[in-house]
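When reading the values below, keep in mind they use all heavy atoms of this one structure, side chains included, and skip hydrogens, waters and symmetry mates.
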Number of protein chains: 2
Amino acid sequence: MPETPVEAAKSLYIRRWGEMAASWGISRTMAEIHALLYLASEPLCTDDVMEQLAVSRGSASMNLRELVNWGLIRRIHRRGDRKEYFDAERDVWQMFDTIVRERRRREVQPIVETIERCLKMIGEGKRGLRGQAGKNAEAYKRRFTDILDFCEIMNTLFNLMSKTGRSGLKPLAATLGKLAG
Amino acid sequence: MPETPVEAAKSLYIRRWGEMAASWGISRTMAEIHALLYLASEPLCTDDVMEQLAVSRGSASMNLRELVNWGLIRRIHRRGDRKEYFDAERDVWQMFDTIVRERRRREVQPIVETIERCLKMIGEGKRGLRGQAGKNAEAYKRRFTDILDFCEIMNTLFNLMSKTGRSGLKPLAATLGKLAG
DNA sequence: TATCATTTTCAGAACGTTTTGAAAGGACTG
DNA sequence: CAGTCCTTTCAAAACGTTCTGAAAATGATA
C-alpha cells in the first residue's frame with residue numbers, strides 16, 4: 001500500500017524527533033515512541049509500538065516504562081481487554097514543564113549541591129592561606145558563586161513560566177518583548 | 001603531596017560538571033576540559049590538560065578544538081612560545097548565551113524545519129480526504145502547530161534574555177516575580 | 001634545507017549504551 | 001489448575017561513541 005502524504009509526515013516527524021532527542025541525551029527509541037504516541041489519535045499498545053517502529057518487545061517495554069516514569073505518557077486499561085495501552089500528554093506546555101522539572105531534579109540539582117559543597121571546602125581550606133594560594137581560593141569562590149547565582153535565576157524564571165502556565169505565557173512573552181523594547 | 005581542600009573542590013567540581021554534561025548529550029571529557037579551563041586562573045596548554053585530566057594527546061586536541069568551535073574557549077598565542085594556550089569564557093551569562101545559540105542552531109532548527117515541512121505535506125495530502133482520514137489530518141496539523149507555537153515563544157524568550165543580558169537579568173527576574181505575584 | 005617543537009589526524013581499541021529474544025513471571029479464564 | 005495472553009526481565013549481542021597513540025602534517029627556527 002502506498003504511503004499517503006499524511007503518513008509520510010508522521011514518520012518523518014518521528015524520525016527527526018528521535019534524532020533531536022538523541023543529541024540531548026535521551027534515547028532515540030524512547031523519543032520515537034513518545035512522538036508516535038503524541039501524534040496518535042488514540043492510545044496504542046505495546047504491539048502497535050513494536051510494529052510501527054520495528055523494535056523488539058523488550059525495548060518497547062523498557063522504553064514505555066521509562067516514559068511513564070518521566071510522566072510523559074500514562075498507562076490505560078480497557079475493560080475486557082488484557083492489553084495495556086499508552087497515551088501521551090498532548091499539552092505541549094505541560095510536557096515542557098514535566099521535562100524541565102525531571103531534568104532539574106536529576107541533572108541540575110546534583111551539580112548545584114556539588115558547588116555548594118565546593119564552596120564550603122574552599123571556606124575551610126582558605127583559612128591561613130597566604131599569597132597566591134589565597135588568591136586562587138578567592139578566584140574559585142567567585143567562579144562557583146557565579147554559577148550558583150545563574151542557577152538561581154534560571155530556577156526563578158522556570159518556576160515563573162510554570163506558574164504563568166499554558167494560557168498565560170504567550171501574552172507574557174509579548175509583554176516582555178515590549179518591556180525590553 | 002597531599003591535596004588541599006581547594007584542590008579537592010576543584011577536582012570534585014570538574015568530575016560533576018563532566019557527569020552532568022554527559023547526561024545532556026555532551027561528551028564528558030569535553031565538559032571536564034571546559035570546567036578545568038573555567039576554573040584555571042590562567043590559560044592552559046594541551047599538556048596541562050593531558051596531565052591534569054589524564055587523557056591522551058589526541059583526545060585533548062580534538063576536544064579543545066570542539067570547544068573552540070562552540071565558542072566556549074579561545075586559543076591564545078604567546079610571543080616566543082610555540083605552544084598554544086586556551087582560555088575559557090568566564091562570564092556565565094555569555095556562556096549560557098553561546099550554548100543556547102549553538103544548540104538551537106544545531107538541534108532545534110532542524111526539527112522546526114521538519115515540522116514546517118510536515119505541515120506542508122499534510123496540507124497537500126488533505127485535499128479530498130473524507131471522514132476519518134480527514135479528521136486525522138486535522139489532528140496532526142493541530143499537534144504540529146502546537147509544537148511550532150511553543151518553539152516560537154521559547155525563541156522570543158531566549159532572545160529577550162540574551163538582549164537583556166548579564167547585568168539586566170537579575171532585576172528582570174525579580175520584576176517578573178512580582179508581575180506573576 | 002634540515003631540525004625541532006607542536007598540533008592534528010585517524011585506524012583500531014576500549015568502552016558504555018541500547019537492543020534483542022527467549023525465558024520467567026503475572027494474571028485472568030474456562 | 002491448565003491454558004492463554006500479556007508484560008517484564010536480563011544475559012548476550014549489536015551498536016555507536018570516545019579515546020588512544022603512533023604517524024603525518026605544520027610551521028617556526030637555524
**Q** Through direct or indirect side-chain contacts below 4.5 angstrom among Ile, Leu, Val, Met, Phe, Trp and Tyr, which residues connect to Met62(A)?
**A** none
**Q** Go through the structure and list residues passing side chain to side chain donor-acceptor pair (under 3.5 Å) with Asp48(B), not counting sequence neighbours.
**A**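 With sequence neighbours excluded, Asp48(B) shows a side chain to side chain donor-acceptor pair (under 3.5 Å) to no residue whatsoever.
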**Q** In whole angstrom, give the distance that lies between atom CD1 of Ile76(A) and atom C1' of dT7(D).
**A**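 Checked: the CD1 to C1' distance equals 17 Å.
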**Q** Return the set of residues passing side chain to side chain contact (heavy atoms under 4.5 Å, CB included) with Ser56(A) (not counting sequence neighbours), or none when no residue passes.
**A** Ser59(A)
**Q** Between Asp47(B) (CG) and dT6(C) (P), how many Å, whole number?
**A** 8 Å
**Q** Does Thr46(B) have any side chain to side chain donor-acceptor pair (under 3.5 Å) partners at least two apart in sequence or in another chain, and if so, which?
**A**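 In terms of side chain to side chain donor-acceptor pair (under 3.5 Å), with neighbours along the sequence ignored, Thr46(B) is linked to no residue.
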**Q** Would you say dT6(C) has OP1 or OP2 under 4.0 Å from some side-chain N or O of Arg78(B)?
**A**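 No.
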**Q** Here's one to test your reading of the geometry: is the NZ or CZ of Arg106(B) within 45 degrees of the ring axis of Trp70(B) and under 6.0 Å from its centre?
**A** yes
**Q** What is the distance from CD of Glu32(A) to P of dT18(C), rounded to the nearest Å?
**A**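 It is 13 Å, rounded to the nearest whole Å.
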**Q** Under the salt bridge (Lys or Arg N to Asp or Glu O under 4.0 Å) test, which residues partner Arg65(B), sequence neighbours left out?
**A** none
**Q** Considering only heavy atoms, which members of residues 48-67 of chain B lie under 4.0 Å from some atom of DNA chain C?
**A** Arg57(B), Gly58(B), Ser61(B), Met62(B), Arg65(B)
**Q** Considering only residues two or more places apart or on different chains, which pairs with a residue in residues 32-47 of chain B satisfy salt bridge (charged side-chain N to carboxylate O under 4.0 Å, His left out)?
**A** Arg28(B)-Glu32(B), Asp47(B)-Arg57(B)
**Q** Take atom CG of Asp81(B) and atom P of dT7(C), then tell me their distance rounded to the nearest Å.
**A**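 About 9 Å, once rounded to whole Å.
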**Q** Under 4.5 Å side-chain heavy-atom separation, chaining through any Ile, Leu, Val, Met, Phe, Trp or Tyr, what else clusters with Tyr85(A)? Say none if it is isolated.
**A**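 For the cluster that includes Tyr85(A), the remaining residues are Ile76(A).
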**Q** dC5(D) C1' sits how many Å from His77(A) NE2, rounded?
**A** 15 Å
**Q** Cluster partners of Met50(B), using ILVMFWY side-chain heavy atoms under 4.5 angstrom, listed by chain and number?
**A** none
**Q** I need the single residue from Gln94(A), Glu102(A), Met95(A) that forms a side-chain contact (heavy atoms from CB on, under 4.5 Å) with Leu72(A). Which is it?
**A**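 Going through Gln94(A), Glu102(A), Met95(A) one by one, the side-chain contact (heavy atoms from CB on, under 4.5 Å) with Leu72(A) is satisfied by Met95(A) alone.
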**Q** Once you round it to whole Å, what is the distance between C1' of dC28(C) and NZ of Lys83(A)?
**A**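 Taking NZ of Lys83(A) and C1' of dC28(C), I get 15 Å after rounding.
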**Q** Reading nucleotides 25-30 of chain D from the 5' end, what letters show protein touch, with B for base, S for backbone sugar-phosphate only, - for no heavy atom under 4.0 Å?
**A** --BBS-
**Q** Name all residues meeting the side chain to side chain contact (heavy atoms under 4.5 Å, CB included) criterion together with Ala139(A); count only those two or more places apart in sequence or in a different chain, and write none if there are none.
**A**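 So Ala139(A) forms a side chain to side chain contact (heavy atoms under 4.5 Å, CB included) with Arg143(A).
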**Q** Check DNA chain C against residues 35-46 of chain B and give the residues with a non-hydrogen atom under 4.0 Å, in numerical order.
**A** Thr46(B)
**Q** To the nearest angstrom, how far is Arg28(A) atom CZ from dA14(D) atom P?
**A** 17 Å
